[in-house]
Amino acid sequence: MSVEMLEKKEKRYTRRINQVGNSLSVGIPKDITKALQMNKGDEIEVSFDEERGEIVMKKVNRSIPNGVRPEVLQAMNRAIGKYDNALRNLRDR
């Protein structure tokens, strides 16, 4: 086994599958969301490896439009997450 393999730290979690409408959902552990700087509304890519029987989820990293500072985008995402219901109600009026 290589040194790189020994140094690799892999955390494993057990989660229960929940029903949300007609879909199933799984919660992402808080320490993972912090490490990946994930917020409500962020996108993830889900892939399924049939051969290995594994589901892999990756955070989608969208490029920031030119001229937009990353901290402005983060503040906007926080505001949308915080006021999501109010914004949806306004849209539906």
Side-chain angles (χ1 to χ4, degrees):
M1 207 183 295
S2 71
V3 174
E4 293 169 336
M5 293 282 288
L6 291 173
E7 290 179 1
K8 180 181 175 184
K9 292 184 180 181
E10 182 178 300
K11 293 184 178 181
R12 294 184 178 261
Y13 302 88
T14 300
R15 289 291 183 258
R16 193 167 308 278
I17 297 174
N18 297 302
Q19 180 88 33
V20 178
N22 292 327
S23 299
L24 299 177
S25 68
V26 177
I28 301 171
K30 189 173 185 175
D31 60 330
I32 292 176
T33 62
K34 281 186 174 185
L36 294 175
Q37 298 179 347
M38 296 174 80
N39 296 298
K40 181 179 177 180
D42 287 351
E43 294 179 345
I44 59 169
E45 175 186 299
V46 180
S47 59
F48 174 58
D49 185 330
E50 288 185 55
E51 192 174 297
R52 296 178 68 176
E54 292 181 343
I55 298 170
V56 178
M57 295 190 299
K58 296 180 181 181
K59 180 180 177 185
V60 174
N61 290 317
R62 302 271 185 216
S63 60
I64 299 173
N66 288 338
V68 177
R69 296 188 325 262
E71 60 271 14
V72 171
L73 189 60
Q74 288 174 342
M76 183 185 70
N77 285 335
R78 280 193 306 273
I80 289 171
K82 185 175 181 179
Y83 300 108
D84 185 55
N85 287 336
L87 293 169
R88 287 179 192 276
N89 288 335
L90 286 171
R91 179 193 69 193
D92 295 338
R93 284 187 175 197

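Values below: every heavy atom of this structure, side chains too, minus hydrogens, waters and symmetry copies. We number each residue from 1, following the sequence as shown.
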Margin query: Consider side chain to side chain contact (heavy atoms under 4.5 Å, CB included). Of Thr33, Ile32, Asn39, which one does Leu36 pass it with?
Written below: Ile32

Next item on the list: Kindly compute the distance separating CG (Asn85) from CG (Asn89), expressed to the nearest 0.5 Å.
Entry: 6.5 Å

Next item on the list: Determine whether Ile55 and Tyr13 fall in the same hydrophobic cluster, where Ile, Leu, Val, Met, Phe, Trp and Tyr are linked whenever their side-chain heavy atoms lie under 4.5 Å apart.
Entry: yes

Next item on the list: Can you see which heavy atom on Val60 is nearest to which on Ile44, and at what distance?
Entry: CG2-C, 3.7 Å

Check: Looking only at heavy atoms, which two atoms of Asp42 and Gln37 are closest? And how far apart?
Finding: OD2-O, 3.7 Å

Item checked: From CA spacing to verdict: side chain to side chain contact (heavy atoms under 4.5 Å, CB included), Met57, Ile28 -> CA-CA 10 Å; Met57 295 190 299; Ile28 301 171; 4.3 Å; yes

Item checked: Inter-residue atom distance Met76.CE - Arg78.CZ, 0.5 Å rounding -> 11.0 Å

Check: If we only count heavy atoms from C-beta on, is the Gln19 to Leu24 side-chain gap below 4.5 Å?
Finding: yes

Notebook entry, point to check: Is it true that atom CD1 of Ile17 has more than 12 heavy atoms of other residues, nucleotides or ligands lying nearer than 6.0 Å?
Noted result: no

Note to self: When you compare the side chain of Asp31 with that of Lys11, does any pair of heavy atoms fall below 4.5 Å?
What the structure shows: yes

Next item on the list: Take atom CZ of Arg15 as the centre, draw a 6.0 Å sphere, and report whether it contains more than 12 heavy atoms from other residues, nucleotides or ligands.
Entry: yes

Checklist line | Flag side-chain contact, heavy atom, 4.5 Å: Arg88 against Asp84 | finding: yes

Next item on the list: Could you tell me whether Asn22 atom CG has more than 12 heavy atoms of other residues or ligands within 6.0 Å of it?
Entry: no

Check: Same cluster for Phe48 and Val46 if Ile/Leu/Val/Met/Phe/Trp/Tyr side chains link at under 4.5 Å?
Finding: yes

